[in-house]
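Nothing fancy with the numbering, it's 1 onward along the sequence.
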Amino acid sequence: MRILIVSHRFPRHSIGGTEILANDTACALQHRGHQVVWLAAGPDATCAPSRRHRPDGIEEWEIPAENTPGYPLDWRRMEAVQKDRAARCLQRFGDGRSFDAVHLFHFARIGLRFLELEALAQVPLFVTLTDYTAVCPDYQLRNQVTGEICSGDVAPQTCLACLGSNDKTTAAERQIVDWRQRNIGVLSKRPAGIYVQTPHQRRVLEGFSVPACAFRQDRAAYRVEPDWHNDGPRPDGSYTFGYIGRASEEKGIGVAQAAFRALFETDTRSRLRLITDRDAPDTADKERAGIDWRGPVPHDQIGRELRGMDCLLIPSLWLENHPTILTYALEAGLQVICSEVASLTHLRGLANLHFAAPGDVAAWRDCMTRVRDQHPQRRATPSGLPAFKTLITDIETAYRKASI
């Protein structure tokens, strides 16, 4: 089968959970004998539409990013431009061949209007969503002004304030409303199957009238390297907590640092290793006793970093939908402490997984202390999470059924 995968970025430009999942899915499908073409926006507006053949056989079609400050404001113009660019890719690189399925992973920077193209309008559409972009302009369902969790179904004035927009006109409010309604309309009618990462994510979309029958899976499944497993105590008797993710407020990195500093006051043998997307914000923090701020590492070195940790911290303040690193850490035998947010509590009962109240530094310190004392050794156990191979088999089966 010939599959068109669409996302907002390629992993070679920016790698997060969405890019990793899209890439692993593309690789798995290509490995099973399908021809995968991947359409995504480039890093900026200066790149020209281009085609790139990867060593693994996947073909990448890159179009420029369309700079639209305050997106989804001016979304119609942006999406019209990207639709035209996608059409030119189909004409220049498509070789006159049709696709058997389109699989959309993220539409920020690309939009949805490309689906109207004659060459794609009748092709079965599948959608994998990792965040709340379909209903929340800022994707997080978290009010950036108040810090409170958002339902998504809020007044457009609230969305504009959250985006930091200076445009408070009725026309701007109408754009927010129309954009959300358009997204839900597409998700409600077009897809042959929708894959989300958590039951909470599914409930949010169902609350916006996306039909229950559209969902094929509401549990995350990620590919894990077999050599990431690691058992046994650390030879020097120390205990290392770890954080792997963006150095952003909504990810809760400040909570992890504050909780560790409180713990370090009575336990100077523990360490906190921060693997993040930028260097430490100030020298004093980087050199603080017990904290090792390492900056970014390539994705293929994540396993090595996990082997140097005993407990992974996921202190998210937003409704994060099962981050990839959570699966990686559990499969590698680490203890994991994550925020008790609604999007993650369905994982209760998994071995080695613990919860702490989001943003509560004292609660995180206490939980870290308990985990360190009660689980001094790394011990790989079956995580109980869905298998990635099973997910790919379901996707492959769905493609074939829809293309008949």
Side-chain angles (χ1 to χ4, degrees), residues 1-13 18-19 21-66 75-128 182 185-187 189-195 216 392-404:
M1 301 180 72
R2 193 164 189 249
I3 313 301
L4 178 64
I5 283 181
V6 183
S7 68
H8 58 336
R9 294 184 177 91
F10 291 115
R12 55 189 166 91
H13 295 146
T18 302
E19 293 85 358
L21 180 56
N23 188 68
D24 286 346
T25 301
C27 290
L29 292 169
Q30 186 79 16
H31 181 73
R32 293 192 181 196
H34 305 288
Q35 182 187 2
V36 176
V37 176
W38 190 343
L39 171 68
D44 52 45
T46 63
C47 62
S50 62
R51 173 167 56 178
R52 175 177 178 263
H53 294 276
R54 295 182 4 176
D56 58 9
I58 294 172
E59 190 174 318
E60 293 183 350
W61 296 356
E62 181 178 307
I63 62 176
E66 182 64 17
W75 64 273
R76 289 184 175 87
R77 183 199 63 80
M78 183 277 276
E79 294 199 9
V81 171
Q82 296 301 63
K83 175 185 175 182
D84 181 64
R85 288 169 173 165
R88 279 183 277 165
C89 280
L90 286 164
Q91 293 168 358
R92 290 176 57 188
F93 311 137
D95 302 324
R97 299 183 59 195
S98 61
F99 289 98
D100 298 294
V102 175
H103 199 139
L104 177 68
F105 280 80
H106 209 293
F107 62 88
R109 308 173 83 240
I110 290 282
L112 292 174
R113 288 198 60 190
F114 75 93
L115 294 170
E116 302 168 1
L117 293 170
E118 183 178 356
L120 302 177
Q122 302 304 316
V123 178
L125 173 66
F126 294 84
V127 180
T128 292
R182 187 285 309 266
V186 171
L187 291 179
K189 299 174 183 177
R190 178 75 191 270
I194 298 176
Y195 296 84
R216 290 191 64 89
I392 297 302
T393 297
D394 184 86
I395 289 174
E396 191 177 35
T397 301
Y399 287 171
R400 294 191 186 281
K401 182 178 180 181
S403 63
I404 294 176

### Query
So, the side chain of Arg109 versus the backbone of Gly42: is there a donor-acceptor pair under 3.5 Å, distance only?
yes
If I compare all heavy atoms of [X] with all of [Y], which pair ends up nearest, and what's the gap?
X: Ala119; Y: Leu90; answer: CB-CD1, 4.2 Å
X: Ser98; Y: Arg2; answer: O-CD, 3.5 Å
X: Val186; Y: Pro191; answer: O-CD, 3.0 Å
X: Ala40; Y: Arg9; answer: CB-C, 3.8 Å
X: Thr18; Y: His8; answer: CG2-CE1, 4.0 Å
X: Ala402; Y: Pro124; answer: O-CG, 3.5 Å

Using a 4.5 Å cut-off on heavy atoms from C-beta on, say whether the side chain of [Y] contacts that of [X].
X: Ser7; Y: Glu19; result: no
X: Arg52; Y: Phe10; result: no
X: Arg76; Y: Arg182; result: no
X: Cys27; Y: Asp56; result: yes
X: Phe114; Y: Leu104; result: yes
X: Glu62; Y: Pro43; result: yes
X: Arg32; Y: Thr393; result: yes
X: Gln30; Y: Arg54; result: no

From [X] atom [atom1] to [Y] atom [atom2], the distance as rounded to the nearest 0.5 Å:
X: Leu39; Y: Gln82; atom1: CG; atom2: CD; answer: 8.5 Å
X: Phe105; Y: Tyr195; atom1: CZ; atom2: OH; answer: 9.5 Å
X: Thr25; Y: Ile392; atom1: OG1; atom2: CD1; answer: 4.5 Å
X: Ile63; Y: Lys83; atom1: CD1; atom2: NZ; answer: 13.0 Å
X: Leu117; Y: Gln122; atom1: CG; atom2: CD; answer: 12.5 Å
X: Leu4; Y: Trp61; atom1: CG; atom2: CH2; answer: 6.5 Å

#### Entry: salt bridge (charged side-chain N to carboxylate O under 4.0 Å, His left out) evaluation trace for Asp95 with Arg97
CA-CA 5 Å; Asp95 302 324; Arg97 299 183 59 195; over 6 Å; no
### Query
Given the rule in the side chain to side chain contact (heavy atoms under 4.5 Å, CB included) test, do Glu66 and Arg77 qualify, once you have shown the distances and angles that lead to the verdict?
CA-CA 10 Å; Glu66 182 64 17; Arg77 183 199 63 80; 2.8 Å; yes
#### Entry: Partner of Glu396 by side-chain contact (heavy atoms from CB on, under 4.5 Å), out of His34, Lys401, Met1
His34
### Query
With respect to Leu187, which candidate in Leu125, Val127, Leu112 satisfies the side-chain contact (heavy atoms from CB on, under 4.5 Å) definition?
Val127
### Query
What is the ring orientation for Phe126 with His103, classed by angle as parallel under 30°, tilted 30 to 60°, or perpendicular over 60°?
tilted
#### Entry: Check against side chain to side chain contact (heavy atoms under 4.5 Å, CB included), Tyr399 and Asp100
CA-CA 7 Å; Tyr399 287 171; Asp100 298 294; over 6 Å; no
